[in-house]
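Everything numeric here is computed off the predicted structure, so don't read it as measured data.
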Amino acid sequence: MPLGLTRIKPWPTRGERAMRPCDNGRMTFAPLQNDTFLRACRRQATDYTPLWLMRQAGRYLPEYKATRARAGSFMGLATNVDYATEVTLQPLDRFPLDAAILFSDILTVPDAMGLGLSFAEGEGPRFARVVRDEAAVAQLAVPDMEKLRYVFDAVTSIRRALDGRVPLIGFSGSPWTLACYMVEGKGSDDYRLVKTLMYSRPDLMHRILAVNADAVAAYLNAQIAAGAQAVMIFDSWGGVLADAAFHTFSLAYTRRVLSQLQRTGVDGTDVPRIVFTKGGALWLEAMGGLDCEVLGLDWTANLARARTLVGGTAGGPGKALQGNIDPNVLFAPPEAIAAEARTVLDSFGAPHTDRTTTGPTHIFNLGHGISQFTPPEHVAALVETVHSHSRAQRAGR
């Protein structure tokens with residue numbers, strides 16, 4: 001078996017999952033074997049720096065491509081509980097990652113609002129209906145969460161299949177990021193349509209964002225109720241905003257989501273909340289005031305500066321930091337990948353090692369999603385380096 005790869009037990013069938021025990025009607029799950037990621041989220045000392053990768057279950061893995069071919073389409077994959085479970089666990093079958101993340105899409109919420117999400121082969125997501133005028137905005141409402149039952153069933157299925165190996169992260173797009181797609185109808189290079197609406201009719205934009213925020217909160221709470229052990233808000237397009245607009249149209253509505261989230265999971269433990277804003281390094285101090293445990297950073301952020309600004313000190317308040325190697329580093333030879341990974345770990349600084357108190361902690365991740373063209377063996381080199389070098393840091397070597 002190649003270096004850095006591990007094997008886990010096959011995921012159970014749907015029938016086997018249904019036969020798992022319940023406790024007075026409540027779901028029960030296997031005890032967690034590796035809590036390193038959750039400890040780091042809570043700013044607790046860990047034996048090494050935990051690692052997971054944005055889009056870790058995806059197109060760079062040949063086994064993912066094979067499963068998608070069986071599903072017939074991306075939405076066929078995402079809406080099928082067994083397929084979603086299978087692809088979520090595939091990267092854990094290859095690499096000793098410290099967390100799993102639900103396989104889904106950030107646009108499931110507006111799809112449930114009736115906008116008609118689709119994915120054409122080789123293209124990004126598209127909506128059949130867009131939200132650009134008063135009539136369309138007036139029709140928006142928080143969707144019936146039963147329309148997203150396939151997501152919540154997948155969360156429970158994945159949690160069962162993990163069998164306690166690592167924690168499961170649930171997620172959603174941020175209110176602003178969802179609004180970008182809802183107005184533009186697809187991805188955009190210049191955000192002309194959404195910014196035109198924002199500047200010319202801020203009242204309509206605030207209405208969209210308020211509905212989105214309440215929908216995202218309900219969506220994440222339902223994931224928590226289904227078994228998610230941490231949740232992440234992807235503000236993928238917050239960084240395209242001007243300074244004042246970011247505070248008004250992005251940060252304020254992320255704050256509205258966070259204020260509504262359940263703090264305790266189905267197993268009685270706390271559920272850490274992660275906020276990631278691509279291009280958000282400019283607003284780190286402001287984001288330090290968010291009611292969340294972890295801030296994700298893209299590759300433009302300086303980890304040492306971020307630690308100083310929001311990481312806190314031993315025994316005091318602060319945010320755990322997540323990130324932030326450039327995903328394109330993974331196209332370099334393995335020895336170059338290892339060198340860059342060590343640089344990121346060293347830039348964070350001395351790890352927190354005092355188990356009697358909290359302190360600054362780091363969760364290693366990419367600065368954005370992994371590219372579909374990434375060689376899987378390069379991911380193995382990254383994981384091996386992060387785990388070994390971060391252990392050496394704590395040993396003082």
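- In this structure, Met54 and Met232 have side chains that are in contact, with non-hydrogen atoms separated by less than 4.5 Å.
- A salt bridge links Glu134 to Arg201: one of the charged nitrogens lies within less than 4.0 Å of a carboxylate oxygen.
- Cation-pi contact between Arg70 and Tyr83: absent, since separation from the ring centre below 6.0 Å together with deviation from the ring axis within 45° is not met.
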Please test Trp176 against Asn212 for side chain to side chain donor-acceptor pair (under 3.5 Å), starting from the C-alpha separation and ending with a verdict.
CA-CA 8 Å; Trp176 165 253; Asn212 285 357; over 6 Å; no
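- Side-chain contact check for Tyr60 versus Ser371: every heavy-atom pair is 4.5 Å or farther apart.
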Could you walk me through whether Ile363 and Leu51 pass the side-chain contact (heavy atoms from CB on, under 4.5 Å) test, one step at a time?
CA-CA 6 Å; Ile363 299 157; Leu51 166 72; over 6 Å; no
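- Taking a cutoff of 4.0 Å between a charged side-chain nitrogen and a carboxylate oxygen, Arg149 and Asp144 do not qualify as a salt bridge.
- In terms of modelled atom types and a separation under 3.5 Å, the side chain of Thr248 and the main chain of Ala245 share no donor-acceptor contact.
- Under 4.0 Å is where a charged nitrogen must lie from a carboxylate oxygen, and between Arg165 and Asp98 no such pair does.
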Starting from the C-alpha separation in whole Å, work towards a yes-or-no answer on side-chain contact (heavy atoms from CB on, under 4.5 Å) for Leu32 and Asp35.
CA-CA 6 Å; Leu32 190 58; Asp35 68 347; 3.7 Å; yes
Do Arg159 and Asp267 pass the salt bridge (Lys or Arg N to Asp or Glu O under 4.0 Å) test, and can you show the C-alpha distance, the side-chain angles, and the key distance before you say yes or no?
CA-CA 12 Å; Arg159 181 80 188 269; Asp267 51 5; 3.1 Å; yes
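- Donor-acceptor pairing under 3.5 Å is recorded for the side chains of Asp346 and His389.
- In Glu285, the CD atom is not crowded: 12 or fewer heavy atoms of neighbouring residues, nucleotides or ligands sit closer than 6.0 Å.
- A salt bridge is absent between Asp111 and Lys147; no separation between the charged side-chain nitrogens and carboxylate oxygens falls under 4.0 Å.
- Between Leu251 and Met287, the closest side-chain pair of non-hydrogen atoms falls below 4.5 Å.
- A cation-pi arrangement is present between Arg160 and Phe29 under the rule of less than 6.0 angstrom and at most 45 degrees off the ring axis.
- A side-chain donor from one of Thr67 and Gln90 sits under 3.5 Å from a side-chain acceptor of the other.
- Checked by atom type and distance alone, the side chain of Gln322 never pairs as donor or acceptor with a backbone atom of His362 at under 3.5 Å.
- Between Lys195 and Glu184 there is no salt bridge, since no side-chain N of the basic residue sits under 4.0 Å from a carboxylate O of the acidic one.
- At least one donor-acceptor pair under 3.5 Å links the side chain of Arg43 to the backbone N or O of Gly316.
- Using modelled atom types, no side-chain atom of Gln56 and backbone atom of Trp52 make a donor-acceptor pair closer than 3.5 Å.
- By the 4.5 Å heavy-atom criterion applied to side chains, Phe364 and Leu345 are counted as neighbours.
- A donor-acceptor distance shorter than 3.5 angstrom exists from the side chain of Thr177 to the backbone of Ser236, with no hydrogens or angles considered.
- The aromatic rings of Phe246 and Trp283 lie parallel to each other, with less than 30° between the two planes, well short of the 60° mark.
- Judged purely by atom type and a 3.5 angstrom limit, Asp326 has no side-chain atom pairing as donor or acceptor with the backbone of Trp299.
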